[in-house]
2 protein chains.
Amino acid sequence: MSTAGKHGRLRTRGGTRERVVEATLGLFNERGPDRVTTAEIARTVGINEGNLYYHFRTKESLVLALFARFEADAETFAVRALGGGSGEARTYEDLLSDWFRLVWAYRFLFRDLLALAGTMPALATPFRKMSARMRGVVEALLRRMIEEHIVNVPKDDIEPLLANVWIVSTYWAVYLNLQKGIDEMDAGHLDWGLNQVSHLFKPFLIPTGSADVFPLSTRREPDST
Amino acid sequence: MSTAGKHGRLRTRGGTRERVVEATLGLFNERGPDRVTTAEIARTVGINEGNLYYHFRTKESLVLALFARFEADAETFAVRALGGGSGEARTYEDLLSDWFRLVWAYRFLFRDLLALAGTMPALATPFRKMSARMRGVVEALLRRMIEEHIVNVPKDDIEPLLANVWIVSTYWAVYLNLQKGIDEMDAGHLDWGLNQVSHLFKPFLIPTGSADVFPLSTRREPDST
DNA sequence: GTCTATACTCTGATAGAC
DNA sequence: GTCTATCAGAGTATAGAC
C-alpha cells in the first residue's frame, strides 16, 4: 500500500513523512480536517510543529497527499474489479468488501467533502471524476452479472438500482458513524454494510441451487457501543 | 411554520430575530456552519455584527435555534404521518415527499453533524433521538403497508429494507449536492429522490389493477448544472 | 434595538538556530 | 531534519454610546 521510504529505513516504521500522513488520516477520519489543527497532528506524531511544516508546507498539501493516496488505491481497485491485471477472478462479494474497506479507510473524504471543497476548490472536480469512475465500475460489474445470469434486472430498474447502490455503499459508513454513534469499525460493521448492499440486489437474484453470490443471512444490527 | 412575531409586526416580514434565523439556515445549508462567519450572517441580514450578538449571544445558540425549529417540524411530520392530528389520511407518497422537503430544508444538520457534535456535544444525543424517532415512523408506516396488503416484505427483509430506506432518504440530498454538484433544488430533484426510495419498495409491491402507491415511471436523471 | 470600537484567542505559517 | 521562537490574520465575543 505504501512505499518503504527512500532510504529503506525501517527503524521507526517508515520515515517521518509517512508517519505524518498516517497520523493525519486517522485524525481526519475521527473529527474532520477542520477540527484537527496542525499542532495536534505534530503532537500525535511526536514531532515539533515547525518540523511538520518542513515536510508539508501547508495543511492543504496534507489533504492533497491523502487524496492522491486514495485515488491510487481506488484506481488499483477499479483495475482489479474490471479484471485487468491479475488473472485471478475474484468474487463479487470480495470486490464489494474491498471497496467498503476503502470507503471506510478514507471516510473523511466522503463525509467532509463540502468543507474541503470550500477551502480547496481544486479538489471538487477530481473527486467527482473519481466518483464517476467508481460508478462506472459498479455499472460494468452489474452488467456482467446480468450477462452471467446471476441477476435479472429490468432495463428501467438499472439506473435507479445503480444510484442506490452508490448511495448505500458510500454512506453506510457515515450512517453508522453519525446515526449510530459508531466510530471504530470491526468486521461486524463491515458485514453489516455489505449486507445492506446485498439486499439491494436480492430481489433481482435468479434462484440457483448452488451457494448465493451475496451473503444474505445471519446478519444482525451492529452493536452501538 | 414560524410564528408571526410577538407584536404582530408585519413590516419587514418578521422581526430581526426571525430574519437572522432564516438567513443563517440558508448560509449553513450552502456551506456549513464552519465556513460561515458571524460577520457574514450579519451582512446577509443587513444588520451590524454587534446587533446580531444582541439577538444571539453565541454562534452556538444559532445552531440550537435551528435544530429546535427542525425538531418541531419533524415532530409535526411524525404526528401527521402516524395519523394523529388531522383526520385526513394522506398518501404514502405525500408523506415521503414531506419528509424529503424537511431533510432538504435542514440538510446542513445531516451533512455537517460530525463537525457540529465536535463543538457542541450537547447536540449529538438529541439528533440521534430524533433519528430514532423518524426511523420508528418509517417502520410503523411500513408495517401498515404490509397490513393493508400494499406490499409483501419477508420478515427477514424488513430490517435491512428500513435501514436502506433511511440511508437513501437521508443522504439523497447530500448525494446530489456533493456527487452531482447540485446546490439548488427544484421539483425535479425532489422527484428524483422520491423515485430512488420508491425503487427500494418496488420489488415488494403486490400487483394491483389500480394505480400504484408510488410513482415509479417516467423519471430521469436530474440535470447536473 | 442598533451601531462603533475593541479585546482576546486560536491557528496556520515563517525565519533562523542547532 | 528538527526545534525555538514569533507573526499575521481570521473570527468570536464584549463594552458602551446612541
Side-chain angles (χ1 to χ4, degrees), chain A residues 3-24 27-28 30-66 112 115-116 118-123, chain B residues 3-24 27-28 30-66 112 115-116 118-123:
Chain A
T3 59
K6 43 183 126 182
H7 299 304
R9 192 194 311 167
L10 292 174
R11 233 175 300 197
T12 338
R13 181 70 179 172
T16 302
R17 198 189 153 91
E18 265 310 307
R19 278 164 56 223
V20 167
V21 171
E22 208 61 46
T24 304
L27 290 168
F28 281 5
E30 201 182 311
R31 292 200 302 284
D34 279 5
R35 307 230 55 81
V36 174
T37 68
T38 52
E40 199 172 5
I41 295 173
R43 202 182 328 123
T44 303
V45 181
I47 62 174
N48 190 278
E49 216 178 330
N51 189 8
L52 173 66
Y53 275 90
Y54 166 79
H55 291 285
F56 295 92
R57 301 197 54 197
T58 64
K59 194 181 179 182
E60 180 171 340
S61 68
L62 258 170
V63 177
L64 290 175
L66 284 170
D112 307 319
L116 288 172
T119 23
M120 316 168 47
L123 206 60
Chain B
T3 59
K6 45 183 125 182
H7 300 304
R9 191 197 311 166
L10 293 175
R11 232 176 300 197
T12 339
R13 182 69 180 173
T16 302
R17 197 189 154 90
E18 265 310 307
R19 279 163 57 223
V20 168
V21 171
E22 208 61 46
T24 304
L27 289 168
F28 281 3
E30 202 182 311
R31 292 199 303 282
D34 279 4
R35 307 229 55 81
V36 174
T37 68
T38 51
E40 199 172 5
I41 295 173
R43 203 182 327 123
T44 303
V45 181
I47 62 173
N48 190 278
E49 216 178 329
N51 189 8
L52 173 65
Y53 276 89
Y54 166 79
H55 291 284
F56 295 92
R57 301 198 55 197
T58 65
K59 194 181 178 182
E60 180 171 340
S61 68
L62 258 169
V63 177
L64 290 174
L66 284 171
D112 308 318
L116 288 172
T119 23
M120 317 167 48
L123 206 59

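Residue numbers begin at 1 in each chain, while the letters A, B, ... track the order of the sequences. Values reported hereafter were calculated over all heavy atoms of this structure, with side chains retained and with hydrogens, waters and symmetry mates removed.
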Do [X] and [Y] touch side chain to side chain, with heavy atoms closer than 4.5 Å?
X     : Y      : answer
A:L62 : A:I41  : yes
A:F56 : A:T38  : no
B:R35 : A:T119 : yes
A:I47 : A:V20  : yes

**Q.** Rounded distance in Å - CZ (A:R57) to C1' (C:dT14)
**A.** 9 Å
Q. In whole angstrom, what separates A:R43's CZ from D:dC3's P?
A. 14 Å
Pairwise N/O distances under 3.5 Å, protein to nucleotides 9-11 of chain D:
none

(Q) Set out, in order, the CA-CA distance, both residues' side-chain angles and the distance that settles side chain to side chain contact (heavy atoms under 4.5 Å, CB included) for A:D112 and A:D34, then state yes or no. (A) CA-CA 9 Å; A:D112 307 319; A:D34 279 5; over 6 Å; no
Q) Is there a residue in residues 46-55 of chain B whose heavy atoms reach under 4.0 Å of DNA chain C, and which residues are they? A) B:I47, B:N48, B:G50, B:N51, B:Y54, B:H55
Q: Please round to the nearest 0.5 Å and tell me the distance separating atom OG1 of A:T24 and atom CG of A:L66.
A: 6.0 Å
Q) Residues two or more places apart in sequence or in another chain: which of them pass salt bridge (Lys or Arg N to Asp or Glu O under 4.0 Å) with B:E40? A) B:R31
Q) For B:T44 and B:L27, which heavy atoms make the closest approach, and how far apart are they? A) OG1-CD1, 3.6 Å
